[in-house]
Structures are given as structure tokens and as C-alpha cells.
Amino acid sequence: MKLGWIIRGVLLGALAVAVFGPLVNMLLWAVAERWYFPAKLPIEYGFSYWERVFRPRGNAMESLFNSVVIAGGTVALCLAVALPAGYALARLRLPLRSLILLAFLLPQAVPNLAVYINVARIFYSLGLNGTIAGVVLVHTVHGLLFAVWITTAAFAAVDRELEQAARNMGAGPLRTFFTVTLPLAAPGILASAIFVFLESLDEFTGTYFVGVPDVMTLPLLLYNASAGGNYQIASITALILLIPSIGFMLFVERFLRADVLAKMGG
Amino acid sequence: MAGGPASVEFRAVVKRYGAVTAVDGVSFTIEPGTLATLLGPSGCGKTTTLRLIAGLELATEGQILIGGRDVTRRAAAERDVSMVFQSYALFPHMTVLENAAYGPIVDGTPRKEAHAMARAKLELVGLSGFEARMPSELSGGQQQRVAVARALVLEPQVLLFDEPLSNLDAKLRRRVREDIRELQRRLNLTVVYVTHDQQEALAVSDRVIVMSNARIAQAGSPRDLYERPANRFVADFIGDANVVAAELIEVSGDRAKVVLGGIALELERRGARPGPVTVAIRPEALLLSADRPAAPAAPGRIGKAAYLGTHMEYTVTSALGELFVIDRMPSRAFAAGAEVWISLPGTGVAIVPE
């Protein structure tokens, strides 16, 4: 009995270390002015690196700006495709419906590097290499999977009878879509938008091949900083990347209905 | 929108889904200002027929007229028909008031006026004070009344109900049924009402259209259907009649002499010819007695006996076959296995033309 509790305590502790250990390490690095090898904890605390990261003309601010613009553009482009596609896949009797859904999985199924090297070559000949538009396109291919799958599930979860009731009350197809279908699918669509935003914010490989050296984003900055041994900058960048993810988890937990999640990919 | 109730007419309407025919050559006319029910077992095509009236399904063949105007090819939004869905289909993201005001707002009525119209109809269904609630905060019965208010707000020419009592508990059913009938009479509406419950249909309707296998089995007043079933299906479906074989021995005008199980009866002829005929006997038309009565009677033996408070239900084995009998005097109960005499006073028995 007692032994059981000790084992449980140890396992729980190990889990806590595995989950929170890296986070604590990151938090400490973010506020460490000096931290050398033998010391178990930072030797000196301070915020001078934060000042350096948030300096208006600094590298980091430019990367943050780029990241947000690219993520925003990716969301817009993904939704522009996913809203009509998701509605069609959820509502119309399409032949090969599951094949179409599966097709969006293809970019993930093929090794990314092989794809991106070729994308970079093609974009180079089109003059898209090193442009924000090029990076947005690469991120969109990646984000479409989630966008289309989640919006399809969100539209499928809207009861058809509600649309019929709207039509019965004299609403045309567009009116029905905007007053009934879209508001009811909105939480799922918002979730897919946030998901695409986060995926874009986090994306490294595609940005590296298509964007560098002209387009710097936060993940590239993080990579450069940690490769250069500058753990403070890397940790602060990582923290910035972490904030929207936590916000998203709270959103999903709070707003997303179970029936939308259940219809995912179906 | 034109005022006043309208007639609904089907002319040889067919609805097919691929190889499946859901409605097969259905024709009927529902007079303006009356309540008609579409009655039948599940899968008989009654809900599809209702949806054809609403325009939620389009007919494959035939013509549909509402108020004398051909609406066969018109979309749901263009028909002056409102429907109360079985699931009520209230918009969960709108308040009760917004739900009820949806029709006029879509119609282009200014918001203020639309809300006033919605309030008036909510008051009509007894839901004043609930305007700001969300549908999820209401009971099933209240949700249904919101659906009725939403359907009434445009004062449609025809109001449709799809199984309106199916999601209500047994106690509420009778009241809602009476409320719908009362509303229909007071507002002088044309109402088409779908149900699978024959008692419900008989209780509320001016006219009942019985459907079976995508076709109309019989249409008529509740009394017609109950007392003069046109075929085996209607006799059995409405009131659980016993359908037995008999012999027609003599015809005189529109009357006929029929012998069944050794008992001779004079019935309406209904076009039957001398020879073997089918007869429907209502379960409450059969009289059971322990001693041989003075009237002609056939012997039988009680199979099952069930006590239901207001009456007894028996199955009786006899020369007429296996009979289902309802006895309104539960105080005089026969036990299973008892020998009884069965007699037929004459009412509740009809020749089935087939």
C-alpha cells in the first residue's frame, strides 16, 4: 500500500519533470544574464536580452513581424480554399469524397525535404524564392490539410434540418449559409484558422528552403540563435512562440464541441 | 404573401431517389382551411409527401398546386408554406425572439416590425416573457411552441407539421394535439399533419390520407376510414380490425347477406359479388358471453387475456379464426382457456372491397 503510493509519486514526479523540465529550463534561460557550465542555476538574472529582442529595429522584431504577416496570409489563403471545399465535401454528394480528403494528406506523406528542395527550385525560376508570398504558398500547402479536414467536420456537424428550416422561412441559399450554416460552423472554422496560424508560426523546413536568407521568421531566428549558442535569445523567441499555442489549447478546450471533433476527417 | 388559407393539390406526383420510389403516383386535394393528416407506418412516404409540399424535395413527376397555382418547380423559399419540423429545427445560436422573427427579417421587414410580429405570435402560443431565452433553455414543449410561432409569423397559406407529438411525453400529447386543432380552427389555416398514430389522426383531422408503400391506401373522413375501410391494410392499420373470410350468399340492392362462422349478417354491399368475401370486424364489435345467447353465436376459447383498466383485451380462437377482442366491461373478465360464445350485434362490421 505504502510502496504503491511511493511508486505513484515517483512516476508522477518523473512525468512532471519530463513535461515541465524543459519549460523551466527555457524560462530560466530567458531571464539569465550569465549562466556558465558548473553553475546549477543562472549566476545573474536580468532582462537585457529581452531589451535586445524587442529593440524596434532588431532582428527579432522583424522576424516576429514577418512571422505574423506570413501566418495571417496563410490563414486567409487556407480559408479561401477550405471554406468552399469544406462545405462541398460536407454537404454535396461528391464522388470520391474520401479520395479528395486523402489528397490533402499527400504533402505530409512525402518526405518534406524532397518536396521543399524541388519547390525551392521551381519558386526560384518563378521569382518567388525569398519572398513572403512564396513562404505563404509553402505554408498554405501544409496548412490546407488541417483547414480542409476541420472545416469539413465543422460543416458536417451543422444539422441539415436547420438549413431546411431557413429555406422554408424564405431564405435563399446564400442567406441560409451566412445566417445559419456559417455561424454554427464558426467555432470549428475558427479552430482550423488558429491551427493553421500556429502551424505557420512554427514552420521551419519550408521557410528555410524558400525564404532564407531574405525572409527571416521566428523559428529561423530561434535556430540561428541556438546554433550560435545564444540560448537567451533562443529561449525568449521560444516563449513568444509558446504563447499563441497555449491560447489555442484553452480555446479548443472551452469552445469546440465534441461532435465537431468526432466528425474530424470523416 | 397572399392572405388566407390555400388548397393543396397533388396530381399523380412521383418522387424517386435513384431506384427507390418514395412517393408513387399520389393524387389528392386538401380543401382550404381544413386539417388533413398523412397517416401511415414508417417508410410509407408520408414525410416525403409533406416535404414535397414544402419544396424541400422536388417531385420527379406530376404536379403540385398550392392555392391553385402550380408550384411544382418552385424552391422551398418561394413557397408560401411553413413547416414545423419533427426536431423543431430551432436555430441554436439565436434567441427565441430572433428565431420567431427570422422569416420576416429574411423577407426584408424592418427589424423593429419583424420583432413586433414575432412577439405577437409568441404571445399567441403562450410564450410571452421567453423572448430573450436561448432554445436550449426551454423544455421540449416550449421549443415546439417557438417552432410553431416561427412558422406562423409569415401567416403562411399552408402550415405543415411533421410528427409534432413524437418528442413529447404522453401526458402532453393530448393537449398539444388539441392546441394544434384549436389554432387551426381559430386562425382558419390549411394544415397538413404527418403522423403514424391512427388515434392521433382520427382525433384531429377533417380528412385522413392513409398511405402504404408510397401510395394512398384510402382518403376520407375519420368516420369513413374507421367504419368503411377500403382495403385490408386500412382495416388493420386503423383500429386493429380482425380481417376474416366470409361467404356472400345473397344480394338485394346495396345490401348483402353474409355468413361468417355460422353467423348470418346483413351488411352494406360495397360492390361485392356473391361468393367468398373479406370482412373487417372491429375488436369492440365482438360480444363475448359465458352462456349461449339468444342471437346467433359461434363458440370460441380465450387464448390471451390482458387487463388494461378501462377494458379487457383478449385473443379468442374460434371458427372465424384467431380474433382480437376488446371488452369494455373489465369487471366481467374471462380467464385464459375459458370457453365463450361470440356474437356480432352488426355494427363495426364491414365488407372490405379490396
Side-chain angles (χ1 to χ4, degrees), chain A residues 79 83 86-88 90-97 150-194 251-252 254-263, chain B residues 1 17-18 47 50-51 53-58 74-94 98-109 114 117-118 121 135-136 143 146-163:
Chain A
L79 285 188
L83 282 184
Y87 185 80
R91 277 294 184 259
L92 311 179
R93 280 187 216 107
L94 289 181
L96 308 176
R97 185 176 166 277
I150 299 174
T151 41
T152 301
F155 282 127
V158 176
D159 186 357
R160 261 167 214 257
E161 230 165 48
L162 297 176
E163 293 172 342
Q164 290 172 354
R167 276 165 49 206
N168 180 241
M169 292 288 105
L174 272 183
R175 187 88 183 220
T176 301
F177 181 79
F178 284 109
T179 56
V180 175
T181 317
L182 193 59
L184 290 173
I189 292 165
L190 200 56
S192 84
I194 296 173
F251 171 85
V252 167
R254 175 84 180 72
F255 290 109
L256 215 53
R257 285 150 53 217
D259 53 339
V260 176
L261 295 175
K263 289 210 164 89
Chain B
M1 302 263 154
Y17 301 100
T47 295
L50 195 75
R51 293 168 61 86
I53 301 174
L56 296 171
E57 310 285 351
L58 288 180
R74 279 178 190 262
E78 298 168 42
R79 295 191 193 186
D80 194 6
V81 173
S82 292
M83 179 151 161
V84 177
F85 288 80
Q86 188 174 8
S87 67
Y88 312 144
L90 297 179
F91 306 127
H93 57 303
M94 299 183 194
E98 287 167 339
N99 263 286
Y102 187 82
I105 282 178
V106 162
D107 214 22
T109 311
M117 289 162 77
K121 294 298 184 247
S136 58
Q143 288 182 17
V146 177
V148 172
R150 183 178 68 179
L152 282 175
V153 73
L154 287 173
E155 305 194 337
Q157 290 182 304
V158 181
L159 185 60
L160 311 176
F161 284 93
D162 189 6
E163 302 258 5

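Bear in mind that the values here come from a model prediction, so they are computed numbers and not experimental data. Residue numbering restarts at 1 for every chain, and letters A, B, ... go by the order of the sequence lines.
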Nearest-0.5 Å distance, [atom1] of residue [X] to [atom2] of residue [Y]:
X: T179(A); Y: F91(B); atom1: OG1; atom2: CZ; result: 6.5 Å
X: Q164(A); Y: M83(B); atom1: CD; atom2: CE; result: 7.5 Å
X: L184(A); Y: M94(B); atom1: CG; atom2: CE; result: 8.0 Å
X: L56(B); Y: E163(A); atom1: CG; atom2: CD; result: 11.5 Å
X: Y102(B); Y: M169(A); atom1: OH; atom2: CE; result: 9.5 Å

P92(B): which of L162(A), V180(A), V158(A) passes side-chain contact (heavy atoms from CB on, under 4.5 Å):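 The option that passes is L162(A).
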Which bit of I105(B) is near chain A, if near means a heavy-atom gap under 4.5 Å: side chain, backbone, both or neither?
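It is both, since atoms from each part get that close.
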Quick check on R150(B) against chain A: is it the side chain, the backbone, both or neither that has a heavy atom closer than 4.5 Å?
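The answer is both parts of R150(B).
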Looking at [X] and [Y], what are the two nearest heavy atoms and their distance?
X: A54(B); Y: N168(A); value: CB-ND2, 4.2 Å
X: A89(B); Y: E161(A); value: CB-O, 3.7 Å
X: A77(B); Y: A171(A); value: CB-O, 3.6 Å

